[in-house]
J.: 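Can you read through this structure? Questions will come right after.
Letters go in sequence order (proteins before strands), and every chain restarts at 1.
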Number of protein chains: 2
Amino acid sequence: MPTIRDIARQSGYSVSTVSRVLNHQKYVSKPAQQAVEKVIKALDYVPNSLARDLSFGQNKNIGVVLPHNDHPYFNQLLNGIMDAAFTSGYHIVLLPSEYNQTVELDYLEQLKRKNFSALIFTSHGLPLSVLAQYAQYGQIVCCEDTGDYHLSAVYSNREPAYLAAFKHLATLKVRQIAILLSRNLEQSPTSSAIMAAYQQVFHHKPAEKLVIGGMTSFNDGYQAAKTLHARQSDIDCFFTNGDDIATGVRQYYLDQGLTSPLLFGQENQLSSFLLQFPTIDHHFFTVGQKAFEVALSTEHQKFSFESELIVPK
Amino acid sequence: MPTIRDIARQSGYSVSTVSRVLNHQKYVSKPAQQAVEKVIKALDYVPNSLARDLSFGQNKNIGVVLPHNDHPYFNQLLNGIMDAAFTSGYHIVLLPSEYNQTVELDYLEQLKRKNFSALIFTSHGLPLSVLAQYAQYGQIVCCEDTGDYHLSAVYSNREPAYLAAFKHLATLKVRQIAILLSRNLEQSPTSSAIMAAYQQVFHHKPAEKLVIGGMTSFNDGYQAAKTLHARQSDIDCFFTNGDDIATGVRQYYLDQGLTSPLLFGQENQLSSFLLQFPTIDHHFFTVGQKAFEVALSTEHQKFSFESELIVPK
DNA sequence: ATGAAAGCGCTAACAT
DNA sequence: ATGTTAGCGCTTTCAT
């Protein structure tokens with residue numbers, strides 16, 4: 001592989017002139033430019049990215065930490081991020097965490113080593129205080145409210161929509177509400193927000209035996225319906241963490257020859273539209289786009305979008 | 001940020017000794033090692049990845065070119081790739097192509113620039129002959145049969161399963177078969193394989209007006225059913241490119257109060273299991289895992305797995 | 001076991 | 001407008 005020095009030698013110009021040509025800078029005469037470009041073409045030369053990155057002090061890779069599961073939350077977020085990255089010249093590096101703190105810490109160390117110029121956490125097991133310690137080494141964007149921590153945040157403000165959702169259900173005189181969550185009960189801010197909204201509307205906590213976590217798919221919804229229906233047969237509503245999960249619930253009831261309880265989805269996927277049940281759109285695609293944008297900036301920023309309650313007429 | 005030279009200076013040892021400590025090499029005395037490690041800890045030093053990569057001549061990034069759409073094919077493949085990459089020390093870089101040849105060419109150029117140490121093409125718009133020209137710059141793995149080209153290949157051998165599928169349908173005395181494809185008709189080897197298998201079984205080509213491409217979702221299936229049913233009302237079977245797409249077809253018929261035609265899926269997703277229609281499992285997760293493995297190797301290799309016909313009893 | 005020094009290939013400040 | 005050269009931070013021969 002020829003280097004910039006080979007081009008310099010063979011063109012009769014210096015390394016810096018070649019560099020100028022490569023980077024389309026000013027102060028290169030037409031003849032110089034042409035001579036250099038001719039040799040470049042002749043030797044089939046391309047500049048080495050590794051050398052460039054070292055010289056520049058950073059590369060153009062943005063790491064995206066995600067638990068590596070298939071929940072639509074991550075898909076939509078990732079699609080938004082990729083969409084924004086597409087024309088930016090930056091690359092998205094997938095960093096699966098499996099919610100493992102050791103792994104997450106390793107990614108933070110890599111940020112410090114300049115293996116990435118920024119990091120986006122779509123979720124994290126590590127406490128925010130730890131993430132904050134690494135913000136000095138590069139932009140760190142969290143897809144949740146980071147409170148007072150010196151960490152950028154781009155997220156969806158869910159509380160109002162959850163509140164509106166439960167008020168809507170209260171209107172419908174629903175009595176026994178099952179709640180399906182993504183992760184295990186207390187772990188995530190999202191779960192807390194749901195529980196808080198529920199309590200605010202109904203003035204009591206959700207029955208523990210009607211709450212299940214770990215839902216990521218249609219099938220999970222199906223199984224959860226089975227389990228919960230066995231526990232309590234008069235459930236008249238399922239508040240779920242995804243339209244497809246709600247659809248799984250419905251399928252179970254239909255397969256049993258029962259009428260489906262009231263369904264409530266999230267993510268505004270196709271199924272809630274087709275089956276005409278209410279859902280919440282958290283605008284994750286938009287969040288992803290913005291998260292990427294912030295990742296490129298050098299300042300700490302906080303943005304929130306409003307989750308949107310969608311009720312079919 | 002301290003550099004290796006700072007560590008050398010402050011520890012009283014040379015740069016090379018520090019380097020040896022960092023890389024756990026032989027020929028470092030206990031006292032030297034301890035002295036160096038102490039300073040490393042004191043200065044909170046970590047080696048710079050960019051410098052390492054330049055010195056080593058390559059980085060640990062594997063680019064994965066994919067069209068950036070949501071078809072389960074790419075998800076499953078990507079999941080397999082990520083699964084294999086997880087413990088490897090290598091990173092997966094997402095390279096959306098939108099089937100754009102210019103974009104794909106740019107990724108190949110980046111391979112040449114050593115921005116990636118290998119490239120996996122889950123799909124490509126560029127001809128194989130062009131890809132082959134870049135194989136000299138790094139391992140290139142295609143997820144399809146690459147014939148005689150000097151390109152690694154890891155893919156699923158679909159023909160036999162397609163043949164078996166149509167034979168199965170012939171057994172059922174199906175007459176009017178609609179065919180739903182991923183991309184537009186002639187573009188992909190997959191489409192050709194389907195058409196060839198069809199013709200071999202039924203001794204004539206599929207009716208052109210019963211073939212539609214561009215299917216990626218439930219909704220696409222729904223719309224396609226609508227369109228095709230309007231064109232011809234006696235379709236008695238839909239051979240689709242995905243279980244969820246087949247499910248969309250079914251939904252349309254049900255919504256019209258009609259009985260669903262026979263469905264045939266692909267990808268062996270949950271829906272074919274729940275609704276008990278036949279499907280084909282192309283084992284993309286496994287293909288992805290293997291593709292990654294080959295990406296790390298320096299030799300050109302070809303692997304194929306057998307697609308599997310799955311018929312519920 | 002340890003160190004000196006020559007790369008790796010490019011950028012950019014400085015000089016002319 | 002063009003050239004010289006000192007980095008960028010690490011790895012790796014080659015001496016000692």
Side-chain angles (χ1 to χ4, degrees), chain A residues 1-40 43-60 89 109-117 137-138, chain B residues 1-40 43-60 89 109-117 137-138:
Chain A
M1 290 266 81
T3 74
I4 196 172
R5 265 179 261 272
D6 296 320
I7 308 302
R9 227 184 328 269
Q10 298 210 23
S11 66
Y13 285 87
S14 74
V15 172
S16 36
T17 299
V18 176
S19 178
R20 287 191 190 98
V21 172
L22 287 173
N23 298 296
H24 310 99
Q25 295 188 28
K26 276 179 76 178
Y27 305 127
V28 271
S29 65
K30 260 263 147 15
Q33 199 210 66
Q34 291 174 342
V36 167
E37 279 174 347
K38 189 175 162 198
V39 178
I40 287 180
L43 299 194
D44 192 25
Y45 164 83
V46 288
N48 181 311
S49 295
L50 304 174
R52 275 206 158 151
D53 291 346
L54 172 60
S55 197
F56 185 54
Q58 64 169 53
N59 63 19
K60 295 206 159 201
E109 281 293 322
Q110 292 189 43
L111 176 66
K112 188 168 169 184
R113 292 165 182 235
K114 299 195 178 297
N115 216 336
F116 315 111
S117 55
Y137 304 117
Chain B
M1 289 263 85
T3 76
I4 196 172
R5 262 179 263 273
D6 297 318
I7 308 301
R9 225 184 330 267
Q10 297 211 23
S11 67
Y13 285 88
S14 73
V15 171
S16 32
T17 298
V18 176
S19 178
R20 287 191 191 97
V21 172
L22 288 174
N23 299 295
H24 310 99
Q25 295 187 30
K26 275 179 75 177
Y27 304 126
V28 272
S29 64
K30 260 267 150 8
Q33 199 210 66
Q34 291 174 342
V36 167
E37 280 175 346
K38 188 175 161 196
V39 178
I40 287 181
L43 300 195
D44 192 27
Y45 165 84
V46 288
N48 180 311
S49 295
L50 304 174
R52 275 208 158 149
D53 290 346
L54 172 60
S55 198
F56 186 55
Q58 63 169 54
N59 62 19
K60 295 207 158 201
E109 282 291 325
Q110 292 189 41
L111 176 67
K112 189 168 169 185
R113 292 165 183 236
K114 299 194 179 298
N115 216 337
F116 316 111
S117 54
Y137 305 116

J.: Please identify each residue that fulfils ring pair (Phe, Tyr, Trp, His ring centres under 6.0 Å) with A:Y13, with sequence neighbours left out.
T.: none

J.: To the nearest 0.5 angstrom, please state how far the NZ atom of A:K114 sits from the CG atom of A:L54.
T.: 11.0 Å

J.: Just to verify, what does A:Y45 make a ring pair (Phe, Tyr, Trp, His ring centres under 6.0 Å) with, not counting sequence neighbours?
T.: none

J.: Between the protein and nucleotides 5-9 of chain D, are there any N/O to N/O pairs under 3.5 Å, and if so, what are the atom names and distances?
T.:
residue, atom, partner, partner atom, Å
D:dG7, N2, A:S55, OG, 3.4
D:dG9, N7, B:R5, NH2, 3.2

J.: Which residues satisfy the side chain to side chain contact (heavy atoms under 4.5 Å, CB included) test with B:K60, sequence neighbours excluded?
T.: B:Y90

J.: Between CD1 of A:I4 and CD1 of A:I40, what distance do you get to the nearest 0.5 Å?
T.: 8.0 Å

J.: Just how far is it from atom CD of B:Q10 to atom NZ of B:K38, taken to the nearest 0.5 Å?
T.: 11.0 Å

J.: Kindly write out the residues that satisfy side chain to side chain contact (heavy atoms under 4.5 Å, CB included) with A:V28, not counting sequence neighbours, or none if the list is empty.
T.: A:T17, A:R20, A:V21

J.: When you measure from the side-chain N and O atoms of B:S19 to the phosphate of D:dT11, is any distance below 4.0 Å, counting only OP1 and OP2?
T.: yes

J.: Who are the salt bridge (charged side-chain N to carboxylate O under 4.0 Å, His left out) partners of B:R5, not counting sequence neighbours?
T.: none

J.: Roughly how far, to the nearest 0.5 Å, is CG of A:L43 from CD1 of A:I7?
T.: 4.5 Å

J.: Atom CZ of A:R20 and atom C1' of D:dT4: how far apart are they, to the nearest Å?
T.: 11 Å

J.: Reckon B:N23 touches a base, only the sugar-phosphate, or nothing at all at heavy-atom distances under 4.0 Å?
T.: sugar-phosphate

J.: Quick one: label A:Y13 by what it contacts on the DNA or RNA (base, sugar-phosphate, nothing), any heavy atom closer than 4.0 Å.
T.: sugar-phosphate

J.: Just report the end-to-end axis angle for the helix from C:dA1-D:dT16 to C:dT16-D:dA1, five pairs per end, to 10 degrees.
T.: 40°

J.: If the condition is side-chain hydrogen bond (donor to acceptor under 3.5 Å, both in side chains), which residues does B:S11 pass it with, not counting sequence neighbours?
T.: none

J.: Can you list everything that forms a side chain to side chain contact (heavy atoms under 4.5 Å, CB included) with B:Q110? Sequence neighbours excluded, please.
T.: A:H91, B:D106, B:Y107, B:N115, B:F116

J.: Taking all non-hydrogen atoms of both residues into account, name the closest pair between B:K112 and A:D44 and its distance.
T.: NZ-OD1, 2.7 Å

J.: Tell me which residues in residues 24-34 of chain A lie within less than 4.0 Å of DNA chain D, going by non-hydrogen atoms.
T.: A:Y27, A:V28, A:S29, A:A32

J.: Going 5' to 3' on DNA chain C, which nucleotide is the first and which the last to come under 4.0 Å of a heavy atom in chain A?
T.: C:dG9 to C:dA12

J.: Would you list the pairs meeting side-chain hydrogen bond (donor to acceptor under 3.5 Å, both in side chains) in which at least one residue belongs to residues 48-58 of chain B, sequence neighbours left out?
T.: B:N23-B:R52

